[in-house]
A.B. asks: 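Structure below; questions to follow.
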There are 4 protein chains.
Amino acid sequence: MAMQRNRKLMAAPHSTTTHAPAPRWERRKEARPTELLSAALDLFVEKGYAATRLDDVAAQAGVSKGTLYLYYVNKEELFKAVVRQNIVPLVEHSEKLADEFEGDSAMLLRLLVQGWWERFINTRLSGISKLMISESGNFPELARFYHDEVIQRAHALMASVLERGMARGEFRYVDVRSTVQVLHAPVVMLSLWRNSFDLCCAKTLDAQAYLNSYVDLALSGLSNFDYVDRPPGKNS
Amino acid sequence: MAMQRNRKLMAAPHSTTTHAPAPRWERRKEARPTELLSAALDLFVEKGYAATRLDDVAAQAGVSKGTLYLYYVNKEELFKAVVRQNIVPLVEHSEKLADEFEGDSAMLLRLLVQGWWERFINTRLSGISKLMISESGNFPELARFYHDEVIQRAHALMASVLERGMARGEFRYVDVRSTVQVLHAPVVMLSLWRNSFDLCCAKTLDAQAYLNSYVDLALSGLSNFDYVDRPPGKNS
Amino acid sequence: MAMQRNRKLMAAPHSTTTHAPAPRWERRKEARPTELLSAALDLFVEKGYAATRLDDVAAQAGVSKGTLYLYYVNKEELFKAVVRQNIVPLVEHSEKLADEFEGDSAMLLRLLVQGWWERFINTRLSGISKLMISESGNFPELARFYHDEVIQRAHALMASVLERGMARGEFRYVDVRSTVQVLHAPVVMLSLWRNSFDLCCAKTLDAQAYLNSYVDLALSGLSNFDYVDRPPGKNS
Amino acid sequence: MAMQRNRKLMAAPHSTTTHAPAPRWERRKEARPTELLSAALDLFVEKGYAATRLDDVAAQAGVSKGTLYLYYVNKEELFKAVVRQNIVPLVEHSEKLADEFEGDSAMLLRLLVQGWWERFINTRLSGISKLMISESGNFPELARFYHDEVIQRAHALMASVLERGMARGEFRYVDVRSTVQVLHAPVVMLSLWRNSFDLCCAKTLDAQAYLNSYVDLALSGLSNFDYVDRPPGKNS
DNA sequence: AATGAATGAGTGTTCATTCAT
DNA sequence: TATGAATGAACACTCATTCAT
């Protein structure tokens with residue numbers, strides 16, 4: 001599915017020409033969409049949708065502005081492609097991780113958070129969170145797409161973790177749907193923060209401490225009875 | 001003043017009134033800033049800074065574009081005024097509430113959240129959260145202002161609650177700084193959500209359930225030992 | 001593909017020409033600056049800086065307003081380019097002429113004036129004098145540039161003529177600096193006049209007579225003793 | 001005559017009201033046009049017509065912008081009033097001086113130049129020269145008015161001086177019309193210079209030396225035979 | 001495929017002018 | 001008379017988009 005989407009995004013460039021001598025150095029050509037998307041991601045994240053000039057995107061990708069239009073019919077589609085391309089792969093890793101994990105649910109949560117940190121929050125990708133929130137009003141279909149393909153899946157994933165924990169007696173009973181939303185909030189906020197106030201204000205947020213407190217608070221909030229999220233063996 | 005407005009409405013065609021000849025404009029110097037700010041808040045929140053046209057702001061405030069410039073020297077200052085005017089009063093109410101409260105800390109937290117919901121989240125003011133995050137890159141000084149005058153004070157407030165609870169033995173020991181940040185995240189996220197995905201996607205978030213789970217999770221996460229945040233009388 | 005494009009063009013109603021289908025615009029990168037500068041000179045001279053609309057400049061140059069901005073970053077720079085481009089070459093011709101001249105100084109003065117008439121005064125370039133005087137207050141740096149690159153050099157040139165004449169005994173002794181300024185005035189004024197009152201008032205100034213009287217007066221004013229500027233051979 | 005003109009300029013403010021109680025402190029009211037004209041002169045001279053804002057004129061005159069419109073129907077009329085009011089009185093003094101003078105014509109010329117210096121060039125009034133040249137294209141009627149009422153009369157005056165000198169044998173024969181124009185040029189240029197380059201460039205023009213050279217050059221250029229304009233008694 | 005010159009609709013801002021008070 | 005709030009036409013400048021090459 002992801003592949004299909006990708007193919008669609010790449011604006012099929014008249015690829016039926018017969019006499020193309022199949023040069024061995026076409027890598028450039030094939031890399032174009034990626035380079036453009038990468039440049040666009042940088043700039044959209046840095047400046048926001050409206051303030052990003054296609055001139056700059058093209059320049060940063062090392063092509064002319066006209067070339068950009070060979071691959072994306074307009075700014076809007078470029079923006080959507082940026083979001084789609086970068087977002088979809090994100091979720092899958094986590095899903096696989098959760099699927100295969102066999103330890104206790106607290107540890108699973110820890111691992112997931114760790115993965116999000118490494119693959120998203122601590123990455124320029126986290127800027128997409130800000131973009132989506134900022135532009136959801138102007139790109140409702142895109143927001144819907146993001147909601148369905150990313151947020152919902154992430155929520156579903158965390159819901160499965162919660163239910164797993166509850167089923168195994170590790171977590172107390174909670175209302176899954178809303179608890180998932182609450183538990184997600186600090187992760188998303190961290191992404192937003194690093195792409196907003198962290199950039200203009202004296203660094204006031206220590207990400208590691210934040211995440212530690214987050215996991216600590218979440219797990220103790222979820223803990224069953226006297227179950228406390230301490231390293232195994234330390235429970236009374 | 002209300003009457004004046006009425007007069008205006010009655011001036012609609014076939015107005016049989018003999019005097020009050022439908023002035024081209026009304027002189028309402030004192031009311032203007034408020035009206036303009038209100039219109040601007042609506043539009044900035046709805047469309048974002050760049051996509052908001054001053055024509056529309058003026059039109060929605062019922063004045064011409066030129067009039068807008070009598071009160072705000074440019075779009076940027078209008079934006080700043082919107083943020084400043086609406087924000088600062090918010091914090092003060094909470095601070096007072098916390099100052100005067102004498103019950104247990106869990107209840108204090110509940111009250112605060114309740115107040116935020118009523119006065120901010122469930123209000124168009126919550127759009128300012130989105131604005132500040134979206135535009136922090138383009139208005140760093142404003143972001144700094146917001147950070148210092150709003151976020152920091154809100155954090156300080158919550159820190160005082162935490163410390164109060166820890167001092168009274170109601171809350172377990174936590175790292176205050178980072179815990180405060182984590183605990184704030186779901187509140188802010190709720191504001192953001194209601195100004196982004198809630199508007200374009202099928203309502204998937206039940207705010208009441210969300211806040212309940214939030215408080216529940218937070219309090220159980222903070223609870224000391226066997227201390228559990230249950231309705232009074234059920235504590236052992 | 002090219003055919004497809006053509007098809008589109010031929011869809012134009014009643015177009016009987018089969019080829020050369022009147023392109024929406026022409027690509028004339030090298031010619032543009034010249035055309036724009038020429039149009040701008042016309043309009044600046046005719047209407048003054050403020051009253052000249054860039055729309056009109058572009059239209060007169062046969063391009064769109066956007067194109068103008070491809071070549072000049074703003075109105076001010078366009079104005080400066082107009083002045084710079086047209087002015088400097090002017091001075092050089094005179095300097096060369098004076099350098100190479102070997103006859104008597106009166107004749108040199110006549111030749112210079114003749115040259116100024118042909119290459120400047122009797123040309124739309126003379127409008128630049130008016131421009132510089134009119135806009136010196138608003139473009140002080142440009143005025144300084146003009147003063148240094150044009151006026152000072154012209155003054156220096158005329159000073160050299162005076163000193164040459166004094167050295168050769170043709171001219172009486174005068175205070176060079178101020179005499180130069182006085183002698184320049186009628187030349188500049190003629191330029192100004194032709195770009196101001198001559199355009200709105202019944203032609204009251206006969207340029208040839210004016211220049212004749214000017215040279216006559218200047219030379220007799222400068223003449224040494226009984227030296228009178230009469231055709232050679234008539235000197236006693 | 002001047003009074004008549006003046007009355008016209010002052011835009012007769014509903015002066016037929018009968019019940020005006022003739023307050024003794026109406027000086028203010030009557031001074032308004034003068035104050036406005038004075039402020040306008042300052043600003044027009046300093047900034048030029050287009051760049052002068054009526055806000056500023058009103059402010060500098062100490063009235064509101066609306067008041068300005070009680071006296072002048074629009075910016076254009078204000079501009080014309082400024083020119084007219086300041087210009088007309090100028091010529092008359094010179095005319096009277098020339099009429100009554102009885103000495104030799106060289107001395108008359110000296111006196112006239114002296115008067116122009118004191119009453120015009122060395123005054124903010126000289127800015128009007130720049131204004132008229134700058135705006136002649138946009139205000140042709142005004143230019144025509146200025147040409148007829150000022151320039152022509154000044155030329156006529158100087159023509160009479162020339163003819164007087166020629167009739168008395170003090171000046172050689174010259175073509176009066178064009179010589180007058182040439183002789184006027186340095187005087188006007190001095191005015192222009194002081195309102196343009198003198199303001200932005202290092203003072204390079206010594207007005208006294210300039211005027212001395214001017215008179216010296218003019219008189220020696222006009223001198224009859226061996227007549228040289230030196231202090232009496234020094235002629236050979 | 002790629003270019004980049006050209007376009008023109010769109011918007012922030014200014015300011016002369018109006019008019020109810 | 002005098003005020004100053006309000007107007008709206010005008011204009012400089014931007015930038016996404018087009019298209020001949």
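This structure is a prediction, so every number in the text was calculated from the model and none was measured. Below, chains carry the letters A, B, ... as their sequence lines are ordered, and counting in each starts from 1. Computed over heavy atoms, backbone and side chain alike; hydrogens, waters and symmetry mates excluded.
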A.B. asks: In whole Å, what is the span from the CG atom of C/Asp55 to the C1' atom of E/dT7?
C.D. replies: 13 Å

A.B. asks: Would a distance-only check, ignoring hydrogens and angles, find a side-chain to backbone donor-acceptor pair under 3.5 Å from C/Lys65 to C/Ala58?
C.D. replies: no

A.B. asks: Looking only at the side chain of A/Leu54 (C-beta and beyond, no hydrogens), which of the listed nucleotides F/dA16, F/dA12, E/dA2 gets closest?
C.D. replies: F/dA16

A.B. asks: Separation of C/Arg53 atom CZ from F/dA10 atom C1', in whole Å?
C.D. replies: 8 Å

A.B. asks: Whole-Å distance between E/dG4 C1' and A/Leu68 CG?
C.D. replies: 13 Å

A.B. asks: Considering heavy-atom distances to DNA chain F, does A/Ala51 or A/Gly66 have its closest nucleotide positioned more toward the 5' end?
C.D. replies: A/Ala51

A.B. asks: Between A/Lys47 (NZ) and F/dC15 (C1'), how many Å, whole number?
C.D. replies: 14 Å

A.B. asks: For D/Leu43 and E/dA16, give me the distance from atom CG to atom C1', rounded to whole Å.
C.D. replies: 15 Å

A.B. asks: Taking the side chain of D/Tyr69 as its heavy atoms from C-beta onward, which of E/dT18, F/dA6, F/dT14 lies nearest to it?
C.D. replies: E/dT18

A.B. asks: Does B/Thr52 or C/Ser64 map to a spot on DNA chain E nearer the 5' end, using the closest nucleotide for each?
C.D. replies: C/Ser64

A.B. asks: Report the base-pairing partner of E/dG8 (Watson-Crick or G-U wobble, both distances below 3.5 angstrom), or none.
C.D. replies: F/dC15

A.B. asks: Checking B/Thr52 side chain against B/Leu43 main chain: does a donor-acceptor pair fall under 3.5 Å?
C.D. replies: yes

A.B. asks: Rounded to whole Å, please give me the gap between CD in D/Glu76 and C1' in E/dC15.
C.D. replies: 16 Å

A.B. asks: Among E/dT3, F/dT17, F/dA12, find the nucleotide with the atom closest to the side chain of A/Val63.
C.D. replies: E/dT3

A.B. asks: Closer to the 5' end of DNA chain E via nearest nucleotide, is it D/Asn74 or B/Lys65?
C.D. replies: B/Lys65

A.B. asks: Going by heavy atoms in the side chains, are C/Leu78 and C/Leu37 under 4.5 Å from each other?
C.D. replies: yes

A.B. asks: Could you please name the option among E/dA1, E/dA5, F/dA5 that lies closest to any side-chain atom of A/Leu70?
C.D. replies: E/dA1

A.B. asks: Quick one, D/Glu141 and D/Lys80 - any side-chain contact, counting heavy atoms below 4.5 Å?
C.D. replies: yes

A.B. asks: Can a cation-pi geometry be assigned to D/Lys75 and D/Tyr49, taking NZ or CZ under 6.0 Å from the six-membered ring centre and within 45° of the ring axis?
C.D. replies: yes

A.B. asks: Could you tell me the Watson-Crick or G-U partner of F/dA20, where both distances fall under 3.5 Å? Say none if there is no partner.
C.D. replies: E/dT3

A.B. asks: How close or far is atom C1' of F/dA12 from atom CZ of C/Phe79, stated in whole angstroms?
C.D. replies: 16 Å

A.B. asks: Has A/Tyr71 got a side-chain N or O lying under 4.0 Å from the OP1 or OP2 atom of E/dA2?
C.D. replies: yes

A.B. asks: Heavy atoms from C-beta onward define the side chain here; which of E/dA2, F/dC13, F/dT7 lies closest to that of C/Lys75?
C.D. replies: F/dC13

A.B. asks: Between P on E/dT14 and CG on D/Asp56, what's the gap in Å once rounded to a whole number?
C.D. replies: 13 Å

A.B. asks: Given E/dT3, F/dA16, F/dA6, which nucleotide is nearest the side-chain atoms of B/Thr67?
C.D. replies: F/dA6

